[in-house]
There are 2 protein chains.
Amino acid sequence: MAIRPAEQLIHKAAWLYYAHGLRQDQVASQLNISRASVAMYLRKARETGIVNISTSTQLFTDDVLARKLEDALKLDAVWIAPENDYVLDPSTDIAVLAASVFLELVKKGDRIGVAWGRTVYTIADIMSYADLQDVTVVQLCGNLGAPYSYRPDQCTMEIARRLNAKGLNFYAPLVLTTELLAHGLRAEPVIREQLANISNCDLALYSVGTVDADCHVVKCGALSAGEMTLLRELGAAGVIAGQIIDAAGKALDCSYNRRVISASLSSLRQIEKRLMVVQEDSKFEPLLAALAGGLCTHLVVGASMARRLLDHAGASAGAKKAS
Amino acid sequence: MAIRPAEQLIHKAAWLYYAHGLRQDQVASQLNISRASVAMYLRKARETGIVNISTSTQLFTDDVLARKLEDALKLDAVWIAPENDYVLDPSTDIAVLAASVFLELVKKGDRIGVAWGRTVYTIADIMSYADLQDVTVVQLCGNLGAPYSYRPDQCTMEIARRLNAKGLNFYAPLVLTTELLAHGLRAEPVIREQLANISNCDLALYSVGTVDADCHVVKCGALSAGEMTLLRELGAAGVIAGQIIDAAGKALDCSYNRRVISASLSSLRQIEKRLMVVQEDSKFEPLLAALAGGLCTHLVVGASMARRLLDHAGASAGAKKAS
DNA sequence: ACGCCAATTTGACTTTTGTCGAGAGCCGTG
DNA sequence: CACGGCTCTCGACAAAAGTCAAATTGGCGT
């Protein structure tokens, strides 16, 4: 192995600056380079993850609203991203928070299941680097050949890369044309093994999808808008790991679900920590469905969604009491 | 436990600054406090560990180890050859690394002192070619007529050849039979000049030798095994450029050292960059002696040796603190 | 061997951050 | 209710960090 002077220098600069607390000009004279170069190296160090800066997310769990939601929804932990007027896109806030939360939840040696979607990919994209030994990131559901940049395998690999973990991909289409074919494919050893191992995960990361005519699964071509309309009439309430669930959080009894290659809801429920992240307020009903189905133990949402959830929980509790 | 408002502010400031990348003045206006307060909160956040800044550990194990060693041993630079399970001979790795380090340290117009030994010769042997004008390679110690392939003059000439540099040899025996003769030879103009010029070197390359019964100097016939045993009882701890040093890195007061024609330790210490390369783990004690004697500013070792050195440094630091 | 291109490094400049003393608010006490 | 003693906050200045065009270096093709 040839030594990489650049990386060597970056590392030395980062070490002296962050671990030793030297100033940049001191680092510069130590390494016989200009201070400007030191500044550049330090930026690279931050970008490449040679140094990690992480902040505690305690603030967001200590929120009164978060506590109330934990109680109301019987969740292990809830984080609420505050609404900030200075940020253009509140959903970014949620993703940033989710990334931090995710990193806090990951432990050495964990096996992590990752689903797919814009939310998950956004989280992966802003997640800071870490090096967690023996962590394995597994893909929870099949792929779609769609021209989307956030394919399941990409989400998995990107997160694995950021954590310096092992990525375990799973190359099957998310949905097949016939149930028979899906059944056969699920029986394939390489697929079966992957699916069987999902319940051994320690942590899952997913969002929930809507069931609109222009929702994610439709855009990806897994379903046509017409089929989706039909499914909604049958009770479709949300999408979890590529599967349609009803308002109770159960897998909808439909041909589509039977043609999907993905982690079963029951295996997902066996994962100890199920981190659900919801960015858009429009996902209220799908989220309720996922919560009803016990598909979530840890939740990251925005403040407005949190309030809606709490109102809803309060209202239904009140209704129950009244009845 | 509800956190106190002050702590809440610290968390918020830390979050906005570190996770969101806002500037301090933006954080200040967001929280309706002055920027000065923000700066103070951020310091508190770092001090109390609400934000964590860490340099990557697993991913750059060897680099981190090197930085720690630099700190512990007060060296200018340390390089650590990683341990690869797939390489049969780890010492080759060290030599390869040492050769590139050496080439990096050489500057135009430098004068380089080269000692001798298997390590140095191995380095010379695998060193890639370079064209360094005005570089002069000088021999640090006298020759031995032994049938070894790595005589001091060979090491010097080989390195000079590789660098396309001028080699300055020095034809005197390493050790003479009487102190008087050694004294006389050292006074010879041609020898004296060479020795006097050693402190003008910019870079030195050497390893350290052991003081076993079958060590290098014994094998070369400079000393008999019996003499070496005696010397070890007198405190011999290692061999540098043909001279015996004690555990403190000082030249051992003995007849042998007085009969040696070599660069004095004090002249070696005047060389700005002293690159020491140690391949064998068995050279631990000799290396400690050389380090104690300040005979090394740049160090290339293997990972296991590095760990031993760090353990030792940590232990002695602990002992000092305890006493 | 030569000159050209890309990448790196630098010095000078701007912006951002750290620090310090002054002052404002708060609370228990006389 | 006025008064110290206390902490917290602010404004202004000094120090440090970030940035960018220009210069240098090193590699590569002719």
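When reading the values below, keep in mind they use all heavy atoms of this one structure, side chains included, and skip hydrogens, waters and symmetry mates.
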Whole-Å distance separating the CZ atom of B:Arg43 from the P atom of D:dT9: 13 Å

A:Ala36, nearest nucleotide to its side chain (from C:dT9, D:dG11, D:dT19): D:dT19

Length of the line joining B:Leu42:CG and D:dA16:C1', which is rounded to integer Å: 15 Å

Phosphate OP1/OP2 of C:dT17 contacted by B:Arg46 side-chain N/O (<4.0 Å): no

Heavy-atom side-chain proximity of A:Leu103 to A:Ser128 below 4.5 angstrom: yes

Neighbour count above 12 (heavy atom, 6.0 Å) for A:Glu47 CD: yes

Expected output: side-chain B:Lys166 to main-chain B:Val135 donor-acceptor under 3.5 Å: no

Strand-adjacent residues in residues 21-35 of chain A, judged by heavy atoms under 4.0 Å from DNA chain C: A:Ile33, A:Ser34

Pairs satisfying salt bridge (Lys or Arg N to Asp or Glu O under 4.0 Å), at least one member in residues 25-39 of chain B, at least two apart: B:Arg23-B:Asp25

Heavy atoms of other groups near B:Lys68 NZ, more than 12 under 6.0 Å: no

d(OH, A:Tyr41; C1', C:dA7) in whole Å: 11 Å

Any donor-acceptor N/O pair, B:Gln194 side chain to B:Leu168 backbone, under 3.5 Å: yes

Short heteroatom pairs, N/O only, protein and nucleotides 21-26 of chain C, under 3.5 Å:
none

Nucleotide C:dG18, atom P - distance to CE of B:Met40 in whole Å: 12 Å

Sole residue of A:Leu309, A:Val101, A:Leu275, A:Asp76 in side chain to side chain contact (heavy atoms under 4.5 Å, CB included) with A:Leu299: A:Leu309

Flag, side chain of A:Thr55 to backbone of B:Tyr18, donor-acceptor distance under 3.5 Å: no

